[in-house]
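Working notes, structure below.
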Amino acid sequence: MQDLNPQQKEALNHTEGPLLVLAGAGSGKTRVIAHKFFHLVKTKKLHPDSLFTVTFTNKAADEMKGRISALLQKDINSCLIGTFHSQCNRILRKEIKVLDYGYDFSIYDDDDQYNLVRHILKEFKIYEALYKGITSRISFLKSSLIGPEEFLSSGDGFGFDEKLAKVYVRYQDELKRCNALDFDDLIMLTVKLFENNPGLLEKYQNMYPYILVDEFQDTNYAQYSLLKLLASAHRKICVVGDDDQSIYKFRGANVSNILNFENDFPGAKLVRLEQNYRSTQNILTVSGAVISRNSERKYKSLWTERGWGEKVYYCWFDIYGEEAKFVAKVIKELYLKGRFNYRDFAIFYRVNLQSKAIEDALREEGLPYRVFGNVSFYQRKEIKNTIAYMRLSLNHGDNVSFRRIINCPPRGIGASTLSKIEHEAKKKSVSLFDAMKVTIRADSLASLVKDKLTEFAKLIEGFSSAKYKSAAEMLKAVFEKSGYAETLDEERAKNVAELISFGEGKDIKDFIDKVSLLTTMDEIKRGDYVSLMTLHSAKGLEFPGVFIIGVEEGVLPHFKALGSTDEIDEERRLFYVGMTRAKDILWITGASKRRLYSKLQNQEPSRFLKDIPRNCCQLVEKVSHHPTIKITHIKVKVDSFRLYATGCRVKHPTWGVGVVRDCFGDGDDLKVIVNFPNIGVKRLAVKFANLQKM
DNA sequence: AAAACTCCTCTTTTT
DNA sequence: GAGGAGTTTT
């Protein structure tokens, strides 16, 4: 308790009512939640199991468990700390009967969703390439708690939405038939469960007399509704978040939940954590200037006791290859100077394909690196197929898994056989697996095909009835007996072997749940290498040295985001998240020419650079063909930087010292709006005002 | 069922 | 420009 600052203490001590903690980047957010948990257990005598604690990632949940275990000095691994999805899964596995699903429901990930939607589009003869857009619309509807019937009846019955409604209705029916839930269902159905069953809701409200929520800015409407339901009786809820770090709006996250919190929970206390423990003042000032240009944000101003530190480096190149080489060289030089290890560096970019040039350059310099966030382990085909065998064995209704593996490995069951089975399933309204067994008894198939199908049915039923001691045992049996093992090359077989080793000693159902809800167990781990990742994956991490590359119009902000202010705001937050990961050194780079997909494009510096206060930056000139890095002050594109950034202090001959609120125009027309204490806000033309920068 | 071919897409992606 | 998926060919 004594290592907490006054605001953190305030957040801790407010335990009897709703609390919103606005926690700036690097302000010790996780620490506050962990200490709060500890405080509630120690002084309020709450049982650790009665704190409903939600995070967004499994990694964050594990971290939190670790911290709390350390504080409490006992293992709390069994506690209710988890992601929204795992919390809901836990509830639904106990209660879903009420909603007329079976307890052994499968959980479908994006890939399974896509497969199912595509299947439906094919059937409806809707252009199949639309599957991605349609899936995301459906997902968005679900995360807004708009069910298929409601959407169908709300529509005007025309145009694309009508088709969408049809697909949505069908999709939801199909899931039900498969006894499967997608990620959004986990939340939506839990809300539905509570809304329709007040008794059940009351039970869970009593079970969880306190609720703690991390990364609150990332909650979607459905998740927020769930929190409101659970907290409505006792109102003991503490949410922690940072609206400036909301970068998942495109996934349904709704920042306005932060803005609504105080309305939905009248009398809620608001605490701001503004002391930053991570970055130097230069980094905070630069990132603060960029984020302050966003409208509709809760005001926050971060400060640190760390001092100004090194200036933020900015460097512009002719071509992206040169940018990459330069970054590699800088890292090497910093490393050789002995102040940093490779693990201290991260390179962030907007899109995954940007990693390639950097990888080449790092390899060239002989620097160790690791790229994070590409195809995750659990999305690999061989892994998904192996798991599909397990899923179908546990849930014969799982049609998506059935389609996945019926001819994998190839066992001579082609499209025509499958379509007969599909037809039968539809006619009898049964699962594909059951339809297959019916079809075997009918005369419509060649005996060779019948044999194959019988063999397949026996195989799956064998898996279903066997008593395996662990997930590993079952995986092993599935992998070998299905004949799938023989069809894989060494690399892929190795991946499955790894999967099997993960399943060692684990309960089968727990394992499947875990695997379904944990698509990136291939987490960001720290080793002694340079870390490469997208700005999105950078959230929640910190590095002594950060490089943000490709800070150009069209890349950051991304060209697809240029259409709306909302989206550009989100790009700005993304940039902000990237910058605030840096502890000591921050480099921002870009290039005039960049290959994106097939063509070499001309690039302009990002608009966000204009908001960067120049006095916090060090401009670096890269002289081509120069063997070592030469750092010099040069005059590059003055209009790329603002002389008077928001927040910087100026001295006026008559009014004294003031703080710059805004700055616009250029050259002789440059105007600033300055707030002078005790005097007021003045609008000044720089040319005449005789301002002195402080 | 494999090989050869064409076509398409290509932002980010906690679960 | 590359990788994936679907289609046609053998």
Side-chain angles (χ1 to χ4, degrees), chain A residues 54-63 82-89 107-115 118 122 127-133 135-136 139-140 142-143 181-188 214-220 222-223 241 245-253 348-354 356 372-376 378-379 381 407-415 487 513-521 523-524 533-541 550 554-563 567 570-571 573-575 577-578 595-600:
Chain A
V54 235
T55 61
F56 267 82
T57 64
N58 293 295
K59 196 178 150 224
D62 288 345
E63 239 174 72
T83 62
F84 268 102
H85 294 85
S86 70
Q87 302 280 23
C88 289
N89 182 45
I107 297 171
Y108 282 178
D109 67 12
D110 303 13
D111 194 56
D112 303 313
Q113 276 185 62
Y114 284 153
N115 287 333
R118 292 177 81 157
K122 235 181 246 173
Y127 182 46
E128 213 185 315
L130 297 173
Y131 73 95
K132 276 193 176 169
T135 312
S136 98
S139 169
F140 196 80
K142 287 190 179 187
S143 64
L181 272 63
D182 64 20
F183 286 148
D184 300 306
D185 280 342
L186 286 170
I187 316 289
M188 184 172 81
D214 191 13
E215 304 280 15
F216 182 62
Q217 77 281 355
D218 288 334
T219 47
N220 61 35
Q223 290 161 336
Q245 292 187 70
S246 160
I247 52 172
Y248 286 105
K249 199 168 170 241
F250 73 99
R251 283 289 247 164
F348 301 149
Y349 35 81
R350 178 65 238 263
V351 294
N352 279 310
L353 68 93
Q354 287 176 268
K356 209 163 166 278
F372 294 100
N374 274 340
V375 199
S376 87
Y378 287 97
Q379 280 168 309
K381 209 180 237 172
N407 204 30
C408 180
R411 44 172 75 83
I413 302 167
T487 65
D513 275 3
K514 194 149 197 185
V515 161
S516 310
L517 293 174
L518 184 122
T519 38
T520 44
M521 190 148 105
E523 279 164 1
I524 295 167
M533 66 189 81
T534 61
L535 287 161
H536 281 92
S537 349
K539 198 170 97 176
L541 304 176
V555 176
L556 186 68
H558 192 268
F559 69 94
K560 289 212 172 170
L562 297 180
E567 281 179 279
E570 181 142 321
E571 297 287 306
R573 291 193 289 267
L574 200 48
F575 187 33
V577 166
R595 165 161 269 127
L596 292 165
Y597 312 118
S598 66
K599 54 187 182 296
L600 199 62

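These numbers were taken from a predicted model, which means no experiment stands behind them. Protein chains get the first letters and strands the later ones, always in sequence-line order, with residue 1 at the start of each.
Closest-nucleotide positions on DNA chain B for A/Glu215 and A/Arg350 were compared, and the one nearer the 5' end corresponds to A/Arg350. The residue among A/Asn407 and A/Phe84 whose nearest nucleotide of DNA chain B is located toward the 5' end is A/Asn407.
Base engagement by A/Asp110 is indicated by at least one non-hydrogen atom pair under 4.0 Å involving a base atom. Using a 4.0 Å heavy-atom criterion, one finds that A/Tyr127 contacts the sugar-phosphate atoms exclusively. Looking at heavy-atom distances under 4.0 Å, A/Asp214 makes no contact with the nucleic acid at all. Using a 4.0 Å heavy-atom distance criterion, A/Ala129 is classed as a sugar-phosphate-only contact. Residue contacts for A/Arg411: at a heavy-atom cut-off of 4.0 Å it reaches the sugar-phosphate backbone alone, with no base atom in range.
Computed from coordinates, the A/Leu353 CG to B/dC10 P distance equals 12 Å when rounded to whole Å. Taking atom CG of residue A/Asp62 and atom P of nucleotide B/dT14, one finds them 16 Å apart after rounding to whole Å. If you take CZ of A/Phe559 and P of B/dT12, they are 10 Å apart, rounded to a whole angstrom.
A perpendicular orientation is assigned to the rings of A/His536 and A/Phe250, their planes being inclined by more than 60° (bins at 30° and 60°).
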*Determine, step by step, whether A/Thr83 and A/Phe56 satisfy the side-chain contact (heavy atoms from CB on, under 4.5 Å) criterion, reporting the C-alpha distance in whole Å, the side-chain angles of both residues, the deciding distance to 0.1 Å, and the verdict.*
CA-CA 5 Å; A/Thr83 62; A/Phe56 267 82; over 6 Å; no
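Salt bridge annotation for A/Arg118-A/Glu128: present, with a cationic side-chain nitrogen under 4.0 angstrom from a carboxylate oxygen. Between A/Glu571 and A/Arg350, at least one side-chain nitrogen of the basic residue sits less than 4.0 Å from a carboxylate oxygen of the acidic one, meeting the salt-bridge criterion.
Of the candidates B/dT11, B/dT9, B/dT12, the closest approach to any side-chain atom of A/Glu567 belongs to B/dT11. You'll find that the side chain of A/Thr534 is closest to B/dT13, out of B/dT13, B/dT14, B/dT11. In the set B/dT11, B/dA2, B/dT9, the nucleotide with an atom closest to the side chain of A/Pro410 is B/dA2.
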_Contact pattern, 5' to 3', of nucleotides 1-10 of chain C - B, S or - by protein heavy atom under 4.0 Å_ = B---SS----
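When base pairs are accepted only as Watson-Crick or G-U wobble with both N-N or N-O distances under 3.5 Å, DNA chain B takes part in stems of 3 or more pairs at B:1-10 with C:1-10.
The two residues A/Thr135 and A/Gln113 have their closest heavy-atom pair at CG2-OE1, 3.2 Å.
Under 4.0 angstrom from either OP1 or OP2 of B/dC10 there lies no side-chain N or O belonging to A/Asn352. OP1 or OP2 of B/dT13 lies within a sub-4.0 Å distance of a side-chain N or O belonging to A/Ser537.
To the nearest 0.5 Å, atom NZ of residue A/Lys539 and atom CE of residue A/Met533 are 14.0 Å apart.
Both stacking criteria are satisfied for A/His558 over the base of B/dT11: a centre-to-centre distance under 5.5 angstrom and an angle between ring planes under 30 degrees. Judged by centroid separation below 5.5 Å and plane tilt below 30°, A/Tyr248 does not stack onto the base of B/dT13.
With hydrogens and angles left out, the side-chain atoms of A/Thr534 and A/Ser537 include a donor and acceptor closer than 3.5 Å. In this structure, a donor-acceptor pair under 3.5 Å is absent between the side chains of A/Asp184 and A/Ser143.
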